[in-house]
Amino acid sequence: MSGNSKLTEAGSRPSSALRAPSPRERGEGEDIAIVGGGIIGICAAACLAEAGRNVTIFDRTGICEETSSGNAAAFAFSDVLPMAHKGMIRQLPKWLADPLGPLSIPPTYLPKLLPWLIRFWRAGAPEKYEAGLAAQADMMKLAEAEWMALLDRSGTRQMLREDGSLELYESEAEFRVSLPGWAARERFGIGFRHVEGEELARLQPGLSPRFVRGTFVPGWKTVADPKLLGKAVWAYAQSKGARFEKARIERIAADQDGATLTLADGTTRHARHLVVAAGAWSHLLASQLGDRIPLETERGYNTTLPKSAFDVKRMLIFSGHGFVITPLETGLRVGGAVELGGIERPPNYARSKALLRKAQKFLPGLDAAGGREWMGFRPSLPDSLPVIGRAPGNRPVVYAFGHGHLGLTQAAATGRLIRDLVLGQTPPIDLAPFSPQRF
């Protein structure tokens with residue numbers, strides 16, 4: 001059967017008549033509205049639809065068409081260190097001196113950014129390290145379990161790649177600086193081994209000799225293509241009854257009885273529950289409910305080359321330069337770096353070109369022709385933890401945003417947690433570190 005216009009084999013009614021009408025069809029509005037069709041919203045819709053709830057995603061563009069479509073494709077379950085503890089503060093002066101380096105801040109944006117930078121600096125305080133590390137480790141453990149289960153339920157396990165990752169160092173000094181971070185990961189059961197010489201060359205043939213050391217993480221996973229995975233999980237959510245409506249949400253309001261969404265065309269939708277998962281735009285919606293959440297936008301750049309550009313065996317991580325190279329089913333993705341510049345400025349593709357020039361130095365023989373440039377917005381909070389929790393004073397609203405570089409990685413876990421919050425069930429991890437009220 002391919003559509004509701006056809007009769008059932010019994011020759012009586014359309015197949016849609018065999019199910020109960022949804023609240024929307026009864027004229028009662030939505031049951032659950034999700035603002036945001038990225039990977040977080042998709043996974044939330046899948047989990048809620050599996051629980052038998054009527055779910056509608058609203059997005060201005062489509063399903064998995066914006067930031068979630070062009071990321072580095074990593075399930076970075078071992079990436080538990082908060083950003084403030086990855087050497088970023090130490091590297092800040094050097095990086096900012098290079099306008100096309102791993103971190104860039106347009107001078108005119110600095111005054112607006114300053115409060116966020118102060119919060120970021122404070123998040124790096126030693127007394128906050130253990131709490132942030134433990135919260136992220138709990139989230140990652142749940143993320144891996146939930147993704148593996150969702151891949152199986154949605155029939156997308158074949159899109160998973162388990163080749164590990166290789167982090168690379170250009171000097172013994174750079175390698176030694178990384179050791180405390182690896183020791184912290186080891187405490188949480190994350191496996192890795194440091195490599196050099198022949199083993200380094202075997203893990204990635206053709207690598208520049210400038211790299212003297214590496215760290216191989218066998219448990220690191222990637223996906224064949226993040227956009228294809230997102231759309232496949234959405235197809236599964238649709239099979240469970242989830243719906244999509246293409247619309248730009250201009251305003252939200254909520255009280256104890258539900259939420260109202262105002263669309264760009266002036267029409268409204270009503271929902272018993274609202275999930276805000278709109279990525280880098282989420283804090284703008286939250287502010288309409290009176291919630292001030294210090295979200296900032298990391299603008300990430302990449303270039304996707306043809307698959308034939310170079311035989312990359314697994315994700316390569318150039319931490320000293322702030323970018324990665326990922327082999328995908330659809331090409332070779334070279335990208336990363338951070339531009340803290342908000343959501344209004346036009347893209348500066350000179351940054352993606354700079355990354356590509358570095359990649360050619362690091363992988364001699366890389367064919368840089370025929371690439372497709374891209375820029376996306378990473379919604380980031382100063383302490384590197386997302387906001388997952390109920391909006392204060394507006395019980396029908398759940399926030400799920402601010403995952404930074406880890407949106408794909410933590411999407412299935414976030415979907416599970418959103419389901420638990422909406423259904424009034426006890427979450428499997430402590431959500432206090434992720435509270436919208438922690439700021």
side-chain hydrogen bond (donor to acceptor under 3.5 Å, both in side chains) partners for Ser282, two or more places apart: none

Residue pair Arg438 / Pro433: nearest heavy atoms and the distance that separates them: CD-O, 3.1 Å

Pairwise distance CZ(Arg251) to CG(Leu261) - rounded to 0.5 angstrom: 11.5 Å

Passing candidate, salt bridge (Lys or Arg N to Asp or Glu O under 4.0 Å) with Glu65, options Arg60, Lys246, Lys231: Lys231

Pairwise side-chain contact, Tyr169 with Ser178, heavy-atom cut-off 4.5 Å (strictly under): yes

Crowding at CD, Gln158 (>12 non-hydrogen neighbours, <6.0 Å): yes

Ring geometry between Phe318 and Phe323 (parallel below 30°, tilted from 30 to 60°, perpendicular above 60°): parallel

Validation row: Arg157, Leu160 side chains within 4.5 angstrom (heavy atoms): yes

pair Glu50-Tyr236: side-chain heavy atoms closer than 4.5 Å: yes

Donor on one side chain, acceptor on other, Glu245 and Thr56, under 3.5 Å: no

Minimum heavy-atom distance between Ile40 and Ala400, given as atom pair plus value: CG2-O, 3.8 Å

Asp152 (side chain) donor-acceptor with Ala149 (main chain) under 3.5 angstrom: no

Minimum heavy-atom distance between Pro226 and Arg333, given as atom pair plus value: CG-NH1, 3.6 Å

Partners passing side chain to side chain contact (heavy atoms under 4.5 Å, CB included) against Phe188 (at least two apart in sequence or in another chain): Leu133, Ala137

Single hit among Ile34, Val55, Asp59 for side chain to side chain contact (heavy atoms under 4.5 Å, CB included) with Phe244: Asp59

Exam field: side chain Ser68 to backbone Gly38, donor-acceptor pair closer than 3.5 Å: no

Over-ring placement of Arg119 relative to Trp116, 6.0 Å and 45° cut-offs: no

Any Asp225 side-chain heavy atom under 4.5 Å of Met159 side chain: no

Lys/Arg-Asp/Glu bridge criterion (N-O < 4.0 Å) met for Arg161, Glu329: no

Contact check, side chains of Leu417 and Pro428, non-hydrogen atoms, under 4.5 Å: yes

Shortest non-hydrogen contact between Ala412 and Cys43, atoms and distance: N-SG, 3.9 Å

Thr156 side chain reached by Val223 side chain, heavy atoms, under 4.5 Å: no

Pair Ser165-Arg314, side-chain donor/acceptor within less than 3.5 Å: no

Spacing of CD1 belonging to Ile325 relative to CG belonging to Leu316, to within rounding of 0.5 Å: 5.5 Å

Val422 vs Leu48, side-chain contact (heavy atoms from CB on, under 4.5 Å): CA-CA, chis, key distance, verdict: CA-CA 8 Å; Val422 170; Leu48 288 163; 4.0 Å; yes

Distance-only polar pair, side chains of Glu296 and Tyr109, donor-acceptor under 3.5 Å: yes

Counterpart residues, side chain to side chain contact (heavy atoms under 4.5 Å, CB included), relative to Arg378 (two or more places apart): Glu298, Val338, Ser380, His405

Residue pair Ala76 / Leu406: nearest heavy atoms and the distance that separates them: CB-CD2, 4.0 Å

Donor-acceptor pair between Gln410 and Gln136 side chains, under 3.5 angstrom: yes

Any donor-acceptor N or O pair under 3.5 Å, side chains Thr303, Tyr349: no

Heavy-atom side-chain proximity of Leu285 to Val35 below 4.5 angstrom: yes

Ser352 backbone acceptor or donor facing Trp374 side chain under 3.5 Å: no

N/O donor-acceptor pair under 3.5 Å between Ser78 side chain and Ile190 backbone: no

Expected output: side-chain Ser154 to main-chain Leu150 donor-acceptor under 3.5 Å: yes

Backbone N/O of Glu250 and side chain of Gln288: donor-acceptor pair under 3.5 Å: yes

Derivation and outcome, side-chain contact (heavy atoms from CB on, under 4.5 Å), residues Leu284 and Ile343: CA-CA 11 Å; Leu284 302 177; Ile343 56 178; 4.0 Å; yes

Interatomic distance, Thr67 atom OG1 to Met375 atom CE [nearest 0.5 angstrom]: 8.5 Å

From CZ (Phe434) to NE2 (His403), nearest 0.5 Å: 8.5 Å

Interatomic spacing from CE in Met139 to CG in Leu431 - rounded to 0.5 Å: 8.5 Å

Rounded distance (nearest 0.5 Å) linking atom OG of Ser435 with atom CG of Asp430: 10.0 Å

Stepwise side-chain contact (heavy atoms from CB on, under 4.5 Å) check, Lys353 with Tyr301: CA-CA 9 Å; Lys353 291 178 174 63; Tyr301 293 83; over 6 Å; no

Short side-chain to backbone donor-acceptor contact, Asp420 and Leu423, under 3.5 Å: no

Contact check, side chains of Lys128 and Asp383, non-hydrogen atoms, under 4.5 Å: no

Where Ile388 and Thr414 come nearest, the two heavy atoms and their spacing: CD1-OG1, 3.8 Å

Chi angles and distances behind the side-chain contact (heavy atoms from CB on, under 4.5 Å) call for Lys240, Arg153: CA-CA 11 Å; Lys240 298 295 182 181; Arg153 297 196 307 271; over 6 Å; no

